[in-house]
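Contents: one structure, followed by commentary.
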Amino acid sequence: GSGIIAEYGEFLSFQHYFIQINLRLAMSAELQWAIIRKNSAFIVKSLGTTLSKDPNNLSGKNSFKATSVVNNKMVGIRAAEKGVIMTTKSKGKLVETRMCRGSRRTLKAIKAATTGSFYRPDLTDTAVRRASALIRSQKSKGAAKRRSRKPKN
């Protein structure tokens, strides 16, 4: 079995990717990264930079710090219908937490889950930026006010 089954774009599930390449058996994260650094289903090359389509990669860069495939602890932020969903890894399984009770409360909860609990404090800033951008994009824009100008005399 693959544990939690979730839709991740063109991939069956995130853990399905682990099973396909069998990296979790007895290798360090550094060795796993050395193997998949240049050969991964998530890699996209654009204008001389290597990017990643990994659904739980906050920055979009193909780097050891940002990848969620090889790290034991990872943080992923994605949009929900209302609010955001934070994905973390606990005992090899993905845990998704839905946050939809206001932007300040959501950002505070993300900070507490990453820095406050010493989970991945290096990803706090990137996670907060991603969440605030998603929340900002979900807000409905009010009708634009039309300014009436004084006629020139």
Side-chain angles (χ1 to χ4, degrees), residues 1-46 49-142:
S2 64
I4 298 173
I5 300 292
E7 294 277 338
Y8 285 100
E10 62 202 52
F11 306 102
L12 176 64
S13 73
F14 188 71
Q15 290 188 337
H16 177 72
Y17 186 68
F18 284 139
I19 292 167
Q20 290 297 338
I21 56 179
N22 264 338
L23 291 176
R24 282 278 166 218
L25 296 177
M27 291 189 231
S28 68
E30 290 78 15
L31 180 58
Q32 293 175 35
W33 176 245
I35 293 169
I36 69 161
R37 182 170 57 115
K38 294 183 180 177
N39 304 310
S40 171
F42 297 120
I43 289 179
V44 177
K45 293 185 179 180
S46 174
T49 59
T50 306
L51 305 173
S52 175
K53 289 183 358 181
D54 182 358
N56 292 314
N57 184 332
L58 294 172
S59 64
K61 296 177 185 172
N62 188 39
S63 66
F64 178 73
K65 173 186 169 181
T67 188
S68 61
V69 177
V70 298
N71 287 317
N72 290 329
K73 295 179 178 180
M74 51 70 80
V75 177
I77 304 287
R78 62 186 170 93
E81 190 174 316
K82 182 181 177 187
V84 296
I85 296 173
M86 181 174 74
T87 309
T88 55
K89 197 185 295 185
S90 175
K91 299 177 185 173
K93 293 187 178 182
L94 297 177
V95 178
E96 295 184 343
T97 309
R98 188 164 175 250
M99 301 177 185
C100 59
R101 298 187 66 188
S103 61
R104 290 183 186 208
R105 195 175 204 168
T106 298
L107 299 179
K108 188 175 180 181
I110 291 170
K111 287 178 188 175
T114 55
T115 304
S117 61
F118 303 106
Y119 185 71
R120 279 293 299 268
D122 58 325
L123 294 179
T124 301
D125 186 49
T126 314
V128 167
R129 286 173 186 258
R130 165 76 57 102
S132 61
L134 289 172
I135 291 168
R136 195 178 322 119
S137 71
Q138 292 173 350
K139 285 187 178 178
S140 61
K141 295 181 181 176

List for me each residue that meets side-chain contact (heavy atoms from CB on, under 4.5 Å) alongside [X], sequence neighbours excluded, and say none if there are none.
X    : answer
A109 : M99
A112 : none
T50  : I43, K45, N62
T115 : P121, T124

Give a yes or no answer on whether the side chain of D54 reaches the backbone of S68 with a donor-acceptor pair at less than 3.5 Å.
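Indeed, once roles are kept as given, a pair shorter than 3.5 Å links the two residues.
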
For S117 and A113, indicate whether the former's side chain and the latter's backbone hold a donor-acceptor pair under 3.5 Å.
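Yes; judged by distance alone, with no hydrogens or angles, the pair exists.
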
Do you know the tightest heavy-atom contact between [X] and [Y]?
X   : Y    : result
A29 : V70  : CB-O, 3.6 Å
N56 : G76  : OD1-CA, 3.7 Å
E96 : T87  : CG-OG1, 3.8 Å
L58 : L123 : CD1-O, 4.0 Å
A79 : Q138 : CB-NE2, 3.9 Å

Quick test of your reading: applying salt bridge (Lys or Arg N to Asp or Glu O under 4.0 Å), list the pairs with at least one residue in residues 113-132, sequence neighbours left out, ordered by first then second residue.
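Every salt bridge (Lys or Arg N to Asp or Glu O under 4.0 Å) pair that includes a residue of residues 113-132, provided the two are not neighbours, is R120-D122, D125-R129.
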
Decide yes or no for [X] and [Y]: does some side-chain heavy atom of the first lie under 4.5 Å from some side-chain heavy atom of the second?
X    : Y    : answer
R37  : Q32  : no
V128 : K111 : yes
K73  : T88  : no
N57  : F42  : no
I85  : I77  : no
F64  : N71  : yes
K89  : Y119 : yes

Within this structure, what is the OG1-CE distance for the pair T114 and M86, rounded to the nearest 0.5 Å?
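So the OG1 of T114 and the CE of M86 are separated by 7.5 Å.
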
Quick one: pull up CH2 in W33 and NZ in K38 and give me the separation to the nearest 0.5 Å.
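So the CH2 of W33 and the NZ of K38 are separated by 11.0 Å.
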
Which side-chain N or O atoms in residues 100-108 pair as donor and acceptor under 3.5 Å with protein atoms at least two apart or in another chain?
residue : atom : partner : partner atom : Å
T106    : OG1  : G102    : O            : 2.7

